[in-house]
There are 2 protein chains.
Amino acid sequence: MSPSRSPSPAQVRARAARLRRRPTLGLEAIVDVALEIVDAEGVEAVSMRRVAAAFDSGPASLYAYVANKDALLGHVLRRVIDEMELPSGGTWQERLRSWAYESRAVMARHGDVARLTFGTVPVTERVLDGIETNLTAMIEAGVPPQVATWALDILSLYVGADVFEGWLMSQRFDDGSGRDAEEIGSEYFEAVQREFAALPPERYPYLVRHLPLMMNGDSDARFAFGIDMLIAGFAAQIPAPS
Amino acid sequence: MSPSRSPSPAQVRARAARLRRRPTLGLEAIVDVALEIVDAEGVEAVSMRRVAAAFDSGPASLYAYVANKDALLGHVLRRVIDEMELPSGGTWQERLRSWAYESRAVMARHGDVARLTFGTVPVTERVLDGIETNLTAMIEAGVPPQVATWALDILSLYVGADVFEGWLMSQRFDDGSGRDAEEIGSEYFEAVQREFAALPPERYPYLVRHLPLMMNGDSDARFAFGIDMLIAGFAAQIPAPS
DNA sequence: TTCTACACGCGAACAGTGTTCGCGTCAACT
DNA sequence: AGTTGACGCGAACACTGTTCGCGTGTAGAA
């Protein structure tokens, strides 16, 4: 065979070099790269080309390990979920609460992975264990099973939505320039505040009066409050002991 | 001016015909088309080319009326929001509840518009009125203002997340073939049920025992339950009269 | 009636996207 | 030494959002 016509000698050399450098393309390595991109720029920034580029390769290479982009993102979500530590001990309320906090903290570390939790959550062992612990704690404390299962559903939904919304907010305060996100944030809040303050107070008395409360940016407190509301609601469903 | 070189006579005729047919491209007409696509296939199916095609035109034409795709989708969301009817009268609980139900019903009519409510909600008059009515009812009933504002935030988040998730679920049951969505749905549930039933009961006793409850597909009941939990939680925040 | 402005419409192009096909190459086994 | 098979991936297809700048049709001025 002649010294290669289509692939130039330079290409051949580059190929050999790359094969030595990278630890041979594989599912875990691919997910690593995708997760790095999600952490830094979010789910929408992940593209097959970009992930493949980390291996000095083209997008086609990935399809040997991953069915399609959705499947890749599914693996990313699985990876993140398996970072969560499960609660144990304590009352069912404490267990539910720390489970919610832990989920939120872990997801918040990884950009907008939370967006992927809508619709389907991969059923890993960790997920099953999480469900089982919480179900156990609740049912043994007298929470009706139907309430307990709904409770887990609703809490997950709320946690995911909160983290996702938080990420979207934070994005809005970064896109501007190189300035501090905090600074841009408060500037934005002031602008909105002015706009709302210009509303006719006779038509929107409560809204105008309690404006500062609405602009209160403490998202941690709001999240905690929401969780407490739900847990209180669940607790009220325990039938009185006869 | 020779008889047109680049544009062929056919093109010229087509152009004239189209100008007569469509009521001259405009923001409202564009939003109409986009909303139709969202209703039928979802937000992701909206593309500038496809919207423009409804006017027998190219994507560039839209940018005279809309800054970009996000802005277009923002207008779509505004349109949907302004379909909602506001509650009045009744206790604050009733008002909150019917507001949540109405929001859910309206958004559920329009594919996955709910997805657009994350991050930013357009501040229309209707939105302001909705906030004001609910704030009024709650605060006058003794709910602390901070609780009242958070309550509205959290309820909106929950409603949006629920509708969005519901749409994603429904999508999963349509994509298969031409069969009834209901049928595919129950088939899917049975498959999942079998998978879960195969779990070791000694490790997942509660999960396995209460499986039917988890698979319970009645999403309306679950939504109602969630709303009730939150409202009950809010109510518990009313300080005892001294 | 003729000419001139000007707003509006949009064709073409750019740089990206997910996914598939099928060719090449290399490693290990016979 | 020869063959086989797995793996990698270049190139192409059909799409995407967005911008530039060139017509064109209409309305007003002369």
Evaluate B:F164 against A:F164 for ring-ring contact (aromatic ring centres under 6.0 Å, His included), listing each step before the verdict. CA-CA 13 Å; B:F164 182 37; A:F164 181 39; 8.0 Å; no

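In terms of the salt bridge (Lys or Arg N to Asp or Glu O under 4.0 Å) criterion, residue partners of B:R109 (sequence neighbours excluded) are, by chain and number, B:E83. Residues passing the salt bridge (Lys or Arg N to Asp or Glu O under 4.0 Å) test with B:E44, sequence neighbours excluded: none. Listed by chain and residue number, A:R104, A:R222 satisfy the salt bridge (Lys or Arg N to Asp or Glu O under 4.0 Å) test with A:D162 (two or more places apart in sequence, or in another chain). B:W167 is linked by a ring-ring contact (aromatic ring centres under 6.0 Å, His included) to nothing, counting only residues two or more places apart in sequence or in another chain. Scanning for ring-ring contact (aromatic ring centres under 6.0 Å, His included) contacts around A:F225 gives B:W150, with sequence neighbours left out. For A:R126, there are no salt bridge (Lys or Arg N to Asp or Glu O under 4.0 Å) partners, not counting sequence neighbours. Residues meeting the ring-ring contact (aromatic ring centres under 6.0 Å, His included) test with B:Y101, sequence neighbours left out: B:F223.
In terms of phosphate contacts, B:S57 brings no side-chain nitrogen or oxygen within less than 4.0 Å of OP1 or OP2 of C:dG9. For D:dC9, one of the phosphate oxygens OP1 or OP2 lies less than 4.0 angstrom from a side-chain nitrogen or oxygen of A:S61.
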Intra- and inter-strand pairing of DNA chain C, written as dot-bracket with Watson-Crick and G-U pairs under 3.5 Å and | for the latter, reads |||||||.|||||||||||||||.||||||

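Within a heavy-atom distance below 4.0 Å of DNA chain D, the residues of residues 65-79 of chain B found are B:N68, B:K69. For residues 46-53 of chain A, proximity to DNA chain C is found at A:V46, A:S47, A:M48, A:R49, defined as any non-hydrogen atom under 4.0 angstrom from a strand atom.
With rounding to whole Å, B:D56 atom CG is found 21 Å from C:dC8 atom P. In this structure, A:I30 atom CD1 and D:dC7 atom P are separated by 13 Å, rounded to whole Å. Between the CZ atom of B:F55 and the C1' atom of C:dC8 there is a distance of 15 Å, given to the nearest Å. Rounded to whole Å, the distance from OH on B:Y63 to P on C:dA12 is 18 Å. Between A:L25 atom CG and D:dC7 atom P there is a gap of 11 Å when expressed in whole angstrom units.
Pairs passing the side chain to side chain donor-acceptor pair (under 3.5 Å) check and including a residue from residues 31-40 of chain A, sequence neighbours excluded, read A:D32-A:R79, A:D39-A:H110. Among residues at least two apart or in separate chains, side chain to side chain donor-acceptor pair (under 3.5 Å) pairs with a member in residues 58-78 of chain A are A:S57-A:S61.
A:E165 contributes a side-chain N or O that, together with a main-chain N or O of B:G119, makes up a donor-acceptor pair within less than 3.5 Å.
Among the heavy atoms of the strands lying under 4.0 Å from A:A60 is at least one base atom, whether or not backbone atoms are also near.
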